[in-house]
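Since the structure comes first, as structure tokens, the remarks are kept for the end.
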Amino acid sequence: MSIDVGGAYSLRAAEYVDLLGSMSSVHPSDLQLVTTWAEQVEGPLLDAGCGPGHWSGYLTDRGVDVSGVDQVAEFIGHARATYPSTRFEVGSLDALAVPASSYAGVLAWYSLIRHDPDSIQQPLSEMARVLQQGGKLLLGFFTGAVVEPFEHSVVTAYRWPPEALAGVLGSVGFELEETHTRTAARPKPRPHGAILAHLASHR
Ligand SMILES: C[S@@+](CC[C@H](N)C(=O)[O-])C[C@H]1O[C@@H](n2cnc3c(N)ncnc32)[C@H](O)[C@@H]1O
């Protein structure tokens with residue numbers, strides 16, 4: 001049985017917006033990493049799985065040409081109302097409704113944490129398709145020693161060893177640039193990873 005991730009977020013959208021839908025919930029080192037990376041992207045940037053849109057709104061204010069996409073209509077409604085200068089669309093990361101080579105960068109900040117190992121190649125292939133050659137990808141995700149599911153608020157999420165995720169990225173045409181990890185002394189916040197890559201070839 002496949003999990004209805006969009007439906008699960010939709011049911012708890014207001015709660016999610018209150019808890020995590022602003023830049024005040026972002027870890028300071030993530031803020032620095034994502035901001036520095038986004039400001040170096042030369043061209044349009046897609047905030048893929050933008051949720052309530054706070055990254056998009058924040059980056060727009062920093063002069064980045066960013067648009068957001070998410071499957072949850074409630075998040076997109078909130079994002080449009082809160083960040084009127086930024087473009088937001090309802091859409092699926094598994095089938096992005098834009099032509100090939102549309103973007104210079106894709107930010108996938110914790111938006112692929114619900115994809116299992118059998119399904120994660122599809123959105124990553126889509127991100128490769130919509131990126132220009134050499135285009136930049138930044139992924140944020142939960143780390144762990146092995147790929148495994150765990151019960152997370154909203155719906156099941158997956159932990160990935162960075163090298164396992166880097167292997168999937170390589171299979172769809174990305175070349176790894178940097179990996180960042182952050183351990184956690186307590187169960188929360190959870191161990192975190194970020195991968196910076198660029199599109200080496202369209203497959
Ligand atoms: C944990 S939230 C992260 C939101 C935001 N990027 C942030 O950093 O706060 C994951 C988001 O990815 C979106 N998402 C997950 N799978 C998706 C898919 N297949 N298509 C579109 N959006 C998806 C969810 O709807 C949710 O808004």
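Counting convention: from 1, in listed order, for ligands and their atoms alike.
Relative to atom 16 (N) of ligand 1, the option among Q71, H152, R114 with the closest non-hydrogen atom is Q71. Summarising the contacts of atom 6 (N) of ligand 1 with G49, S111, G51, the nearest heavy atom is found in G49.
The only member of E177, Q40, H198 that meets side-chain hydrogen bond (donor to acceptor under 3.5 Å, both in side chains) when paired with K136 is E177.
The contact set between ligand 1 and W55, taken as ligand atoms under 4.0 Å from a residue heavy atom, comprises 8 (O). Atoms of ligand 1 found under 4.0 Å from any heavy atom of F75, numbered from 1 in the order shown, are 27 (O). Listed by atom number, the atoms of ligand 1 under 4.0 Å from C50 heavy atoms are 5 (C). The distance from ligand 1 to the heavy atoms of S92 drops below 4.0 Å at these ligand atoms: 20 (N), 21 (C). Numbered from 1 in the order shown, with element, the atoms of ligand 1 that lie under 4.0 Å from a heavy atom of G91 read 20 (N), 21 (C). Near V72, meaning under 4.0 Å from one of its heavy atoms, ligand 1 places the atoms 25 (O).
Within 6.0 Å of CD on E39 lie more than 12 heavy atoms contributed by other residues, nucleotides or ligands.
Classification of D47 and R87 as a salt-bridged pair fails, no side-chain N sitting under 4.0 Å from a carboxylate O. Salt-bridge check for E89 with R80: passed, with a basic side-chain N closer than 4.0 Å to an acidic carboxylate O.
Looking only at atom types and distance, the side chain of E151 has a donor-acceptor partner in the side chain of T156 under 3.5 Å away. The closest side-chain donor-acceptor pair between H192 and Y110 falls under 3.5 angstrom. Side-chain contact, S29 with R182: a donor N or O sits under 3.5 Å from an acceptor N or O.
Using modelled atom types, one side-chain atom of T82 and one backbone atom of H78 make a donor-acceptor pair closer than 3.5 Å. Remark: the backbone N or O of Q132 is not paired with any side-chain donor or acceptor of S101 at under 3.5 angstrom. Side-chain atoms of S10 never come within 3.5 Å of backbone atoms of G7 as a donor-acceptor pair (strictly under, hydrogens ignored).
The residue A48 has no part lying near ligand 1, judged by heavy-atom distances below 4.0 Å. Residue-level proximity to ligand 1 for Y9 is carried by the side chain, the only part with a heavy atom below 4.0 angstrom. The side chain of Y16, and not its backbone, has at least one atom closer than 4.0 Å to an atom of ligand 1 (non-hydrogen atoms only; side chain from C-beta on).
If you check which protein heavy atom lies closest to atom 20 (N) of ligand 1, you get L93 N, 2.9 Å. Protein heavy atom in closest approach to atom 13 (C) of ligand 1: D70 OD2, 3.3 Å. Looking only at protein heavy atoms, the nearest one to atom 8 (O) of ligand 1 is W109 CD1, 3.2 Å. Ranking the protein heavy atoms by distance from atom 19 (N) of ligand 1 puts D94 OD2, 3.3 Å first.
Here the CG atom belonging to L124 is positioned 9.5 Å from the CG atom belonging to L93, to the nearest 0.5 angstrom.
In this structure, S25 does not count as a contact residue of ligand 1, since none of its heavy atoms falls inside 4.0 Å of the ligand. Residue contact annotation: G6 has no non-hydrogen atom under 4.0 Å from ligand 1.
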